[in-house]
K.L.:
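Encoded as structure tokens, here's the structure I'll be asking about.
In the text below, chain A, chain B and the rest are named by the order of the sequence lines, each starting its count at 1.
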Number of protein chains: 2
Amino acid sequence: MPDGVIEPKRGRKFDQVLAGARQVFLDDGFEGASVDEIARAAGVSKATLYSYFPDKRMLFMEVARTECARQAENAMDTIDMDADVAQVLHRIGHEIVAFITSRFGKRIFRTCVGESDRFPELGREFYDSGPKLVRDKIVGFFQIAIGRGELQIDDLTLAADQFHELCKADIFPRVVFNMTEEFTDAERKRVVDGAVAMFLARYGT
Amino acid sequence: MPDGVIEPKRGRKFDQVLAGARQVFLDDGFEGASVDEIARAAGVSKATLYSYFPDKRMLFMEVARTECARQAENAMDTIDMDADVAQVLHRIGHEIVAFITSRFGKRIFRTCVGESDRFPELGREFYDSGPKLVRDKIVGFFQIAIGRGELQIDDLTLAADQFHELCKADIFPRVVFNMTEEFTDAERKRVVDGAVAMFLARYGT
DNA sequence: TCACTTATAAACTGATCAGTTTAGTTGTTG
DNA sequence: CAACAACTAAACTGATCAGTTTATAAGTGA
């Protein structure tokens, strides 16, 4: 066995199952998705699916974990922490808005919340692999900016949480209660500009 | 038929059914609650239950509507709009935190979010009979305070939404992702004080 | 070719649950 | 008492669905 490459976890169809599951879970949520449907979407038999994953929940967890990490990473990696404070906040704000209004963001949030009773570890799993990373990144940025004398903050984590929440004003309830499908650039700008202005009024120097 | 009193909607057991449904839905959510369980909790036969409500969804809607209105009303009615701005904001902030950390708040939110696919009108129903009322109340207060020269706000609804979101900083994710059961007074105070300070830094005169 | 692994379709099991039906009980009113 | 309404327990229907089993096929490596 040459083992030059990391072997695909088990069997050839592992990724195929995951991809099918991702699609169906994102369309239908956890309870809404049937395993037969997932198997069909994955182009795989149900027996094969169950040879990779012990049950539906574990399959869902795998999908959620993988996707969250992917999303949070490449959202935050695009941001240049050396830029002007207002500019960085604008960029972060727009990333946050983009996430909560995205298909994936809506879906994963809804499912985590809705299923959190029958699935208690899911919430924390999601939080740690998504929002938490973003918060840490924001706190890191605050420290840099404070060092530069551009911000003045005593409670760093509170400030990060406040900024995050500010970016959800107006938009979040409309998303979460299924009241608006798409948001215009103007709507996004209004909220992010408002968040940055408020944040700087409080913590700017 | 003397009709001196408004007759109880239909039959004697209407309220009994509603009370049972309220209890079980609040414990188990919509999908988690079984109609048999509701009937048992209400001390009523299933047939009787179905003589009052055409199906489970309508029963849930009735419970949600009734409860939301009740909650939103008596939360906001306790607030004296003539007091000092900072004081009013503190009171409103604590009411908001109290709601989102309450058993009812958690439960209704989770259910609305989780069920919003198979139940699209539920989200708006909830929003209109709860958060919307609060927002209108806050906007009303802003207008008074602006008249008094104590606040300076151009986009009133955005400001109201911002304040609402600020009061959820830190607490909301911990509630929604099932990470914290109870919050101390210190935790609540930290968030509400932070929200008021930030709000006044931006909009205070 | 043989042995082994991985896959497949399809039938099956067992459970849950919304909503209906049935056959009978209770309470009220005239 | 008779008629009627509201109510009851319990069985039933019909559907969904997670997870298993069976019997079979296809690819691979020695």
Side-chain angles (χ1 to χ4, degrees), chain A residues 1-25 27-64 111 114-115 117-119 122, chain B residues 1-25 27-64 111 114-115 117-119 122:
Chain A
M1 197 202 284
D3 197 284
V5 189
I6 298 132
E7 65 209 296
K9 292 191 185 167
R10 287 110 90 196
R12 306 156 285 174
K13 309 228 166 169
F14 186 88
D15 294 338
Q16 213 173 315
V17 173
L18 222 57
R22 179 185 177 282
Q23 186 210 302
V24 177
F25 279 135
D27 283 344
D28 301 346
F30 179 76
E31 284 294 341
S34 88
V35 176
D36 290 85
E37 203 187 343
I38 293 172
R40 202 177 338 108
V44 136
S45 78
K46 225 173 148 185
T48 301
L49 186 154
Y50 276 107
S51 80
Y52 288 129
F53 296 95
D55 60 28
K56 193 187 175 188
R57 288 160 46 111
M58 286 304 127
L59 176 53
F60 182 80
M61 293 280 264
E62 191 60 36
V63 170
T111 305
E115 237 61 46
D117 284 335
R118 275 158 298 189
F119 226 141
L122 183 58
Chain B
M1 196 203 286
D3 199 281
V5 189
I6 296 132
E7 63 209 299
K9 292 190 183 168
R10 292 110 90 197
R12 307 155 283 172
K13 309 230 166 169
F14 186 88
D15 294 338
Q16 213 174 312
V17 172
L18 221 57
R22 179 185 177 281
Q23 186 210 300
V24 177
F25 279 137
D27 282 345
D28 300 347
F30 178 76
E31 285 292 343
S34 87
V35 176
D36 291 83
E37 203 188 343
I38 293 172
R40 202 176 340 108
V44 138
S45 77
K46 225 172 146 186
T48 301
L49 186 155
Y50 276 107
S51 81
Y52 289 130
F53 297 95
D55 60 28
K56 193 186 172 186
R57 288 161 48 110
M58 286 304 126
L59 176 53
F60 182 79
M61 293 280 264
E62 190 59 36
V63 171
T111 305
E115 236 63 44
D117 284 334
R118 277 158 295 188
F119 227 143
L122 182 59

K.L.:
Nearest whole Å is fine: how far is dG19(D) C1' from Met58(A) CE?
P.N.:
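In whole Å, dG19(D) C1' and Met58(A) CE are 15 Å from each other.
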
K.L.:
So Ala33(A), base contact, sugar-phosphate only, or nothing? Heavy-atom distance under 4.0 Å.
P.N.:
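Sugar-phosphate contact only - Ala33(A) comes under 4.0 Å of backbone atoms but never of a base.
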
K.L.:
Pair Val44(B), Tyr52(B) - check side chain to side chain contact (heavy atoms under 4.5 Å, CB included), show working.
P.N.:
CA-CA 11 Å; Val44(B) 138; Tyr52(B) 289 130; over 6 Å; no

K.L.:
Want to settle it: does Phe30(A) or Ala47(A) sit nearer the 5' end of DNA chain D, counting the closest nucleotide to each?
P.N.:
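Nearest nucleotide further toward 5': that of Phe30(A).
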
K.L.:
Return the value, rounded to whole Å, for the distance between atom CZ of Arg40(B) and atom C1' of dT8(D).
P.N.:
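Whole-Å distance recorded here is 15 Å.
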
K.L.:
Starting at atom CG of Asp36(A), determine the distance to atom C1' of dT21(D), rounded to an integer number of angstrom.
P.N.:
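These atoms are roughly 15 Å apart.
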
K.L.:
Would Val35(B) and Tyr50(B) satisfy side chain to side chain contact (heavy atoms under 4.5 Å, CB included), going step by step from the backbone distance to the final call?
P.N.:
CA-CA 10 Å; Val35(B) 176; Tyr50(B) 276 107; 3.5 Å; yes

K.L.:
Rounded to the nearest angstrom, tell me the gap between atom CD in Glu31(A) and atom C1' in dA18(D).
P.N.:
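Taking CD of Glu31(A) and C1' of dA18(D), I get 10 Å after rounding.
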
K.L.:
Just how far is it from atom NZ of Lys46(B) to atom OG of Ser51(B), taken to the nearest 0.5 Å?
P.N.:
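Taking NZ in Lys46(B) and OG in Ser51(B), the distance rounds to 14.0 Å.
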
K.L.:
Looking at CD of Glu31(A) and CD of Glu115(B), how far apart are the two atoms once the value is rounded to the nearest 0.5 Å?
P.N.:
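Answer rounded to 0.5 Å: 9.0 Å.
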
K.L.:
Remember a base hit wins even if backbone is also touched, and classify Gly32(B) as base, sugar-phosphate or nothing at under 4.0 Å, heavy atoms.
P.N.:
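It contacts nothing in the nucleic acid.
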
K.L.:
Kindly give the heavy-atom pair with the smallest separation between Gly29(B) and Thr111(B), and that separation in Å.
P.N.:
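Residues Gly29(B) and Thr111(B), closest heavy atoms: CA-OG1, 3.7 Å.
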
K.L.:
Where the side chain of Ser34(A) is defined as all heavy atoms beyond and including C-beta, which of dT20(D), dG19(C), dC17(D) is the nearest nucleotide?
P.N.:
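The answer is dC17(D), which lies nearest to the side chain.
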
K.L.:
Is there a side-chain polar atom (N or O) of Lys13(A) under 4.0 Å from OP1 or OP2 of dT8(C)?
P.N.:
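Lys13(A) to dT8(C) OP1/OP2: side-chain N or O found under 4.0 Å.
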
K.L.:
Hey, does the side chain of Thr48(A) come within less than 4.0 Å of dT8(C)'s phosphate (OP1/OP2), counting only N and O?
P.N.:
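So the side-chain polar atoms of Thr48(A) do come within 4.0 Å of the phosphate oxygens OP1 or OP2 of dT8(C), strictly under.
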
K.L.:
5'-most contact on DNA chain D: Lys46(B) or Asp55(A), nearest heavy atom basis?
P.N.:
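Here Lys46(B) is the residue nearer the 5' end.
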
K.L.:
Nearest to the side chain of Val44(A) - dA18(D), dT8(C), dG19(C)?
P.N.:
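Given the options dA18(D), dT8(C), dG19(C), the side chain of Val44(A) is closest to dT8(C).
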
K.L.:
Using the closest heavy atom to pick a nucleotide of DNA chain C for each, name whichever of Ser45(A) or Pro54(B) lands nearer the 5' end.
P.N.:
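Looking at DNA chain C, the more 5' nearest nucleotide goes with Ser45(A).
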
K.L.:
Can you check the Gln16(A) CD to dA7(C) P distance for me, whole Å?
P.N.:
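Taking atom P of dA7(C) as the reference, CD of Gln16(A) is at 9 Å.
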
K.L.:
Rounded to whole Å, please give me the gap between CG in Asp28(A) and P in dA18(D).
P.N.:
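Atom-to-atom, Asp28(A) to dA18(D), this comes out as 11 Å.
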
K.L.:
Please report, rounded to the nearest Å, how far the C1' atom of dG19(C) is from the CZ atom of Phe53(B).
P.N.:
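My rounded result for the distance is 16 Å.
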
K.L.:
Of all heavy-atom pairs between Ala21(B) and Val63(B), which one has the smallest distance, and what is that distance?
P.N.:
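Heavy-atom minimum between the residues: CB-CG2, 3.7 Å.
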
K.L.:
Would Phe53(A) and Phe14(A) count as a ring-ring contact (aromatic ring centres under 6.0 Å, His included) if you check the C-alpha gap in whole Å, the side-chain angles of each, and the deciding distance to 0.1 Å?
P.N.:
CA-CA 9 Å; Phe53(A) 296 95; Phe14(A) 186 88; 5.3 Å; yes

K.L.:
Report the distance from atom CG of Leu49(A) to atom P of dT6(C), rounded to the nearest whole Å.
P.N.:
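Distance, rounded to whole Å: 16 Å.
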
K.L.:
Please pick, from dT8(C), dG19(D), dA9(D), the nucleotide with the shortest atom-to-atom distance to any side-chain atom of Tyr50(A).
P.N.:
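Nearest nucleotide to the side chain: dG19(D).
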
K.L.:
For dC7(D), take OP1 and OP2 only and decide whether either is under 4.0 Å from a side-chain N or O of Tyr52(B).
P.N.:
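Checking dC7(D) against Tyr52(B), a side-chain N or O does come within under 4.0 Å of OP1 or OP2.
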
K.L.:
Is there a donor N/O on one and an acceptor N/O on the other, under 3.5 Å, for the side chain of Lys56(A) and the base of dG19(D)?
P.N.:
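No, no donor-acceptor pair under 3.5 Å.
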
K.L.:
State, to the nearest 10°, the angle formed by the axis through the first five base pairs of the helix from dT1(C)-dA30(D) to dG30(C)-dC1(D) and the axis through its last five.
P.N.:
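For the helix from dT1(C)-dA30(D) to dG30(C)-dC1(D), the axes at opposite ends meet at about 0°.
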
K.L.:
Supply the atom-to-atom distance Phe60(A) CZ to Arg22(A) CZ, rounded to the nearest 0.5 angstrom.
P.N.:
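Nearest 0.5 Å value for the CZ-CZ distance: 12.0 Å.
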
